[in-house]
Amino acid sequence: MTSGTNDYDVIVVGAGFAGLYALHELRSQGRRVRVFEAGDGIGGTWFWNRYPGARCDVESMYYSYSFDPALEQEWRWTERYATQPEILRYIEHVADRYDLRRDVQLETRVESARLDEATGRWHVHTSDGRDWTARFVIMATGCLSSSNVPDFEGLADFRGEQYHTGRWPKRSPDLAGKRVGVIGTGSSGIQSIPELAKQAAHLTVFQRTPNYSVPANNAPLAPEAQAAVKADYARLRAMGNGFGPVLEPNPYKVSESTPEQVRAVLDERWAVGGLGFLSAFTDLLVAPDSNRLVADYVRDRIRERVDDPELAEQLCPDTVYGCKRPCIDTDYYETYNRPNVSLVDVGRHPIERFTKTGIVVDGREHPLDVVVFATGFDAMTGSIFKVDIRGRGGELLREKWEAGPRTYLGLQTVGFPNLFFVTGPGSPSVLSNMINSIEQHVEWIADCLQAMDERGAAAIEPERGAEDAWVEHANALAAHTLYWSCSSWYLGDNIPGKPRVFMPYVGIPLYRQKLAEVVAKGYEGFAFEPLSGRG
Ligand code: N01
């Protein structure tokens with residue numbers, strides 16, 4: 001079938017920032033686009049992650065679309081770091097402003113996408129039992145959207161309430177008077193723990209690995225500060241790899257700096273707050289000695305924030321700073337000074353099992369009414385694999401990527417023509433400002449489809465050699481970093497059986513340059529199938 005009500009030019013999976021922008025861009029080109037979204041509302045990550053304290057760790061002025069200067073100018077953010085409800089309001093405003101909702105089908109999960117090689121069209125099956133066809137499929141499924149609850153023994157027996165931070169109920173549960181346990185001290189745990197502690201009778205934090213966190217220094221956004229950014233938006237957005245000018249990378253290595261200079265850089269970043277430590281020195285993630293200086297600095301600051309010295313030591317990470325995604329917080333460490341908060345170290349003694357009434361660690365039961373899983377996500381590939389995607393010869397994508405994801409530029413993979421990933425593995429994605437990367441990918445895809453129209457191409461697919469070279473190049477870049485020194489979701493370590501591969505591409509400016517070069521050389525590394533080639 002090449003026409004009819006269930007046939008589209010493009011099917012987009014997911015209605016978060018990426019899917020909505022893909023819809024807007026491709027529909028502006030006159031294409032018939034349909035977006036499927038599993039949730040009963042748009043927003044992706046910002047629809048699902050409603051846990052108390054959820055906010056973005058990129059500043060709101062820079063965690064926003066840049067594609068339309070009028071939109072940039074009219075939207076007013078209220079705080080330095082936007083809360084989840086505010087970001088969701090922004091996404092809903094964008095959807096209404098560009099009349100996007102009419103092409104988004106909610107509460108519909110894409111279950112499979114199968115290439116029909118004879119016609120070159122993708123056959124898509126959705127959870128409402130319907131079948132669709134499209135020339136292109138775009139996976140806008142998000143990098144951190146497949147929530148992970150570890151397979152704890154006895155979990156099914158637990159009688160209390162259970163919530164995952166990434167699937168938080170719309171009506172937030174009433175925790176007053178309850179004994180609440182939180183498992184996990186990544187970004188979601190570190191953001192939610194201070195808020196949960198205010199609500200619960202007692203909060204028990206089950207910590208396997210302490211994480212580095214730096215104060216966010218969140219504050220209301222003064223209208224003058226906002227106006228100043230808006231007056232110079234394009235230039236400011238381009239600075240600091242898109243995280244905003246306060247995070248402009250320091251161009252020096254620790255080894256090129258005197259101890260006084262190192263201290264001054266770190267003091268300045270501490271005073272500003274936020275993610276600036278990641279770009280404090282260029283050798284931070286490649287030179288262990290340099291990293292240690294930064295890590296020591298942050299550890300000293302953690303000790304200053306916790307009254308009980310023993311507890312402070314338990315909260316101090318001994319990993320490389322930035323090996324796991326660092327966190328930013330509001331009163332995280334101070335929360336452990338509250339009398340109703342306790343920490344259980346499950347690094348040395350892992351959680352043994354759940355009982356009907358609590359969690360057992362080292363032979364002792366911790367009685368709980370509520371358990372909050374802040375246990376993260378099957379990152380980058382989890383949501384892609386939830387769709388049964390079959391390309392040439394019926395090859396299953398999950399099987400092709402069994403030993404780790406293989407893409408060319410993070411955008412496409414051999415054997416799956418006309419299937420695109422937005423911020424896919426092999427692109428900077430989670431190491432970058434996601435909105436910048438989303439816009440870059442969507443615009444690249446839109447330009448590519450335009451170029452295909454102009455050259456009369458039916459399909460695009462990477463060449464095997466280009467994909468192999470890209471995977472090798474991306475691995476080589478990651479090999480020189482300290483990312484391998486700890487266990488992290490970047491490497492898939494948090495999911496049993498997942499291959500240990502560093503999934504994002506290290507180097508945002510280099511990536512931009514590579515993408516531009518590929519296009520300048522007539523889509524070097526891609527093969528186009530002519531329209532006449534179709535049977
Ligand atoms: O998940 P995580 P997250 N027993 O995987 C622990 C983005 N994000 O949802 O470190 C005990 O980081 C696990 O322990 P360990 C951001 O990119 C952004 O917090 O594996 N503990 C870890 O402490 C972030 O990095 C924002 O030893 C277990 C925690 O659970 C990413 O999402 C906000 C365990 C999981 O941490 C993911 O963050 C939120 C077990 N069996 C998220 N299994 C902002 O913008 C896992 N853990 C601010």
Side-chain angles (χ1 to χ4, degrees), residues 17 44-46 48-60 62-63 80-84 86-87 142-153 155 163-168 181-195 204-214 216 218 243 273-275 278 315 317-319 322-330 332 343-354 359-361 371-380 382 423 429-435 486-496 498 503-504:
F17 269 104
T45 274
W46 299 105
W48 296 107
N49 285 269
R50 296 162 184 267
Y51 58 85
R55 332 178 154 257
C56 188
D57 58 8
V58 176
E59 298 196 25
S60 45
Y62 303 99
Y63 193 80
R80 180 175 173 189
Y81 299 96
T83 59
Q84 174 271 333
E86 188 168 22
I87 299 174
C143 294
L144 293 155
S145 43
S146 186
S147 54
N148 166 47
V149 175
D151 189 16
F152 292 111
E153 190 187 323
L155 182 54
Y163 307 101
H164 188 283
T165 49
R167 287 287 180 275
W168 201 260
V182 182
I183 305 174
T185 50
S187 301
S188 306
I190 282 179
Q191 284 191 332
S192 58
I193 284 164
E195 295 304 315
T204 307
V205 179
F206 296 88
Q207 172 188 270
R208 187 163 69 181
T209 315
N211 219 327
Y212 292 97
S213 187
V214 166
N218 187 40
F243 284 101
L275 286 175
L278 274 177
L315 289 163
D318 61 3
T319 45
C323 180
K324 285 177 187 286
R325 162 88 174 196
C327 305
I328 68 174
D329 70 275
T330 300
Y332 173 64
L343 183 74
V344 176
D345 178 356
V346 294
R348 250 179 310 158
H349 301 287
I351 290 174
E352 272 169 38
R353 62 194 154 86
F354 275 67
I359 292 178
V360 178
V361 178
V371 172
V372 173
F373 293 96
T375 42
F377 303 90
D378 183 354
M380 304 203 67
T423 62
S429 59
V430 291
L431 301 182
S432 68
N433 174 339
M434 286 300 286
I435 312 298
C486 72
S487 81
S488 75
W489 57 258
Y490 294 138
L491 288 157
D493 288 321
N494 60 330
I495 303 297
K498 199 166 171 172
M503 293 179 283

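Whatever order the structure lists ligands and atoms in, that order sets their numbers, starting from 1.
A donor-acceptor contact closer than 3.5 angstrom links the side chains of S213 and D329.
Under a 4.0 Å heavy-atom criterion, V430 is not in contact with ligand 1. F152 counts as a contact of ligand 1, since one of its heavy atoms falls under 4.0 Å from the ligand.
Here the protein heavy atom with the shortest distance to atom 13 (C) of ligand 1 is R208 NH2, 4.4 Å. What sits closest to atom 48 (C) of ligand 1 on the protein, heavy atoms only, is Q191 NE2, 2.8 Å. Of the protein's heavy atoms, L144 CD1, 3.6 Å lies nearest to atom 7 (C) of ligand 1. Looking from atom 45 (O) of ligand 1 to the surrounding protein, the closest heavy atom is D57 N, 3.0 Å. Protein heavy atom closest to atom 1 (O) of ligand 1, with residue, atom name and distance, is G376 CA, 3.1 Å. Looking only at protein heavy atoms, the nearest one to atom 29 (C) of ligand 1 is A374 O, 3.2 Å. For atom 15 (P) of ligand 1, the nearest non-hydrogen atom of the protein is T209 OG1, 3.4 Å.
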Any chance you could lay out the side-chain contact (heavy atoms from CB on, under 4.5 Å) test for Y62 and I435, step after step, and finish with the verdict? CA-CA 8 Å; Y62 303 99; I435 312 298; over 6 Å; no
For a side-chain contact (heavy atoms from CB on, under 4.5 Å) check, start with the C-alpha distance between Y332 and T185, then their side-chain angles and the critical distance, and finish with the verdict. CA-CA 10 Å; Y332 173 64; T185 50; 3.5 Å; yes
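Listed by number with element, the atoms of ligand 1 under 4.0 angstrom from any heavy atom of Y51 are 33 (C), 39 (C). Heavy-atom proximity to I183, at under 4.0 Å, picks out these atoms of ligand 1: 11 (C), 21 (N). Those atoms of ligand 1 that come under 4.0 Å of a heavy atom in G184, given as number and element, are 6 (C), 23 (O), 29 (C), 30 (O). Below 4.0 Å from some heavy atom of C56 lie the following atoms of ligand 1, by number and element: 45 (O). Contact atoms of ligand 1 toward T185: 22 (C), 23 (O), 29 (C) (distance under 4.0 Å to a heavy atom of the residue).
Comparing W46, Y490, W489 against atom 37 (C) of ligand 1, the shortest heavy-atom distance belongs to W489. Distances from atom 10 (O) of ligand 1 to the heavy atoms of M434, R55, H164, K324 put K324 nearest. When S188, G53, G186 are checked for heavy-atom proximity to atom 3 (P) of ligand 1, S188 turns out nearest. In the candidate list G166, S187, P496, P210, S187 is nearest to atom 16 (C) of ligand 1, counting heavy atoms.
Looking at heavy atoms from C-beta onward, V430 lies out of side-chain contact with R325 at the 4.5 angstrom threshold. The closest side-chain heavy-atom distance from Y81 to E59 is below 4.5 Å. Here the side chains of I183 and F152 are in contact, with some heavy-atom distance below 4.5 Å. For the pair P504/Y490, a side-chain contact is recorded, criterion being any heavy-atom separation below 4.5 Å from C-beta on. Counting only heavy atoms from C-beta outward, the side chains of E86 and S60 never approach each other to under 4.5 Å.
No donor-acceptor distance shorter than 3.5 angstrom exists from the side chain of K498 to the backbone of D493, with no hydrogens or angles considered.
Using a 4.0 Å cut-off between heavy atoms, F206 makes no contact with ligand 1 at all.
Using the six-membered ring where Trp is involved, W168 and Y163 have ring planes that are tilted, between 30° and 60° apart.
Smallest separation of non-hydrogen atoms from C143 and M434: SG-CE, 3.8 Å.
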